[in-house]
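The structure appears below as structure tokens.
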Amino acid sequence: MIKANNPNLKSWVSVPVNSDFTIQNLPFGVFSVLTDSPRVGIAIGEKILDLKNLFELGYLNDTPFALEDFDYNFLNKMMQHGKMAVRQLRNRISDLLDETNQELQQNTEELNQILFNQSDAKMYLPVNIRDYTDFYSSEQHAYNVGCLFRDPNNALLPNWKHIPVGYHGRSSSIIVSETPIHRPKGQKKPPTAEVPVFGNSNLLDFELETAFITFDANPLGDSISTEEADDYIFGMALFNDWSARDIQGWEYVPLGPFLGKNFASSLSPWIVTLDALEPFRTAGPIQDPKVFPYLEYEGNKHIDINLEVLIQPEGGEEVSVGKSNYKYMYWNMNQQLAHHTVNGCDINNGDCYGSGTISGPKEGMYGSMLEISWKGTKPFPMPDGSERKFINDNDTVIMRGYSEKDGIRVGFGEVSTKVLPAK
Ligand code: MN
């Protein structure tokens with residue numbers, strides 16, 4: 001077992017009941033308080049531990065890291081040290097925060113320099129994302145979309161159970177939680193129109209996803225096996241992969257997603273390490289037909305992560321519109337990385353990989369408004385008397401997620417994005 005995952009650990013930092021940020025979690029993010037420069041931090045309870053100042057005070061001397069790894073506005077420099085070094089760092093932080101460890105907790109003067117309130121902090125996009133790939137790996141989501149746009153008898157396309165289908169997205173428009181977006185504009189062709197029209201997207205949608213972030217992995221020409229994949233995954237975050245369904249529907253033939261997708265994708269600010277998620281591994285579905293040998297895997301490679309998406313109208317309350325779970329994925333991250341590299345494509349430090357919309361097997365477990373409102377035919381009733389087929393101007397879409405087992409919770413916080421009217 002990874003030392004920092006010990007379920008018996010308790011921190012001297014107060015961790016409220018149902019906090020996502022227990023001592024068993026210790027996710028990494030980039031934050032600033034007041035006029036300080038952005039630096040690397042770790043969330044614990046309602047606080048952030050400042051790794052830059054912790055390093056300067058000499059508490060991380062026995063780790064392979066340097067000041068510049070933490071005194072930086074992205075996690076990328078720290079991540080360049082790789083999986084084993086980050087594990088060592090997380091274990092060291094775990095020691096320092098353990099209630100039985102006196103090194104730090106008695107030193108009130110230093111505590112003022114290294115522990116800050118999350119409520120006082122500004123959070124930044126944690127990773128300088130180099131490449132972004134989005135998969136399409138939830139069977140229920142692919143099935144629902146197939147039913148909506150084709151035929152329930154042939155909902156899954158012939159390749160779907162053979163290939164973890166994906167496409168290359170755009171990294172420049174990946175934004176951190178709390179960054180508002182404007183409703184996109186573009187070309188669309190309503191089903192009844194003979195020619196396309198230009199205007200605001202009327203079918204703006206979220207996609208409930210997770211993302212994983214990689215370390216430097218294989219050089220160009222090499223491949224990663226499903227077994228090796230874990231070594232190259234730094235951690236996971238919540239990911240709202242925004243979609244303009246009307247723009248997407250007109251443009252996607254024959255080359256796939258473009259302007260209906262690349263206007264924004266929202267990432268939660270804390271990256272939960274794959275190490276911290278190990279205790280929540282679970283079995284995936286039986287894959288039939290049998291996959292090619294390069295996609296076979298051993299052991300439990302899926303993860304039990306409860307996911308929820310909520311809509312908060314302007315001035316109103318949050319309304320839960322769907323609950324799903326990452327364990328419903330058909331293809332796991334190991335298979336996605338093995339597939340992504342089977343042709344020799346290289347995987348680099350700071351790459352971001354979206355899971356694809358994660359829908360569960362029943363109504364109420366869907367990860368997009370496209371499915372929840374069944375392409376607009378079943379509007380979702382809101383408690384304020386309004387209804388939603390897709391997302392309205394000034395709605396805020398919030399996604400939350402956490403794993404929990406034997407009373408230990410490891411959570412992601414949230415990714416929250418407000419939609420402003422078109423510019
Ligand atoms: Mn997506």
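In what follows, every heavy atom counts, from backbone to side chain, and hydrogens, waters and symmetry copies are set aside. Atoms within each ligand, like the ligands themselves, are counted from 1 in listed order.
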List for me each residue that meets side-chain contact (heavy atoms from CB on, under 4.5 Å) alongside N117, sequence neighbours excluded, and say none if there are none.
-> K47, S119, D120
Mind checking salt bridge (Lys or Arg N to Asp or Glu O under 4.0 Å) for D246 and listing every partner two or more places apart, or none if nothing turns up?
-> none
Results of salt bridge (Lys or Arg N to Asp or Glu O under 4.0 Å) for K301 - residues two or more places apart only | D230
Go around the Mn ion (ligand 1) and count every protein N, O or S atom nearer than 2.8 Å.
-> 4
If you round to the nearest 0.5 Å, how far is CG of N325 from CG of D304?
-> 4.5 Å
Would you please classify the geometry between the F74 ring and the Y72 ring as parallel, tilted or perpendicular, with 30° and 60° separating the classes?
->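 Ring orientation, 0 to 90° scale: perpendicular.
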Look at the aromatic rings of Y132 and F239 and report parallel, tilted or perpendicular, splitting at 30° and 60°.
-> perpendicular
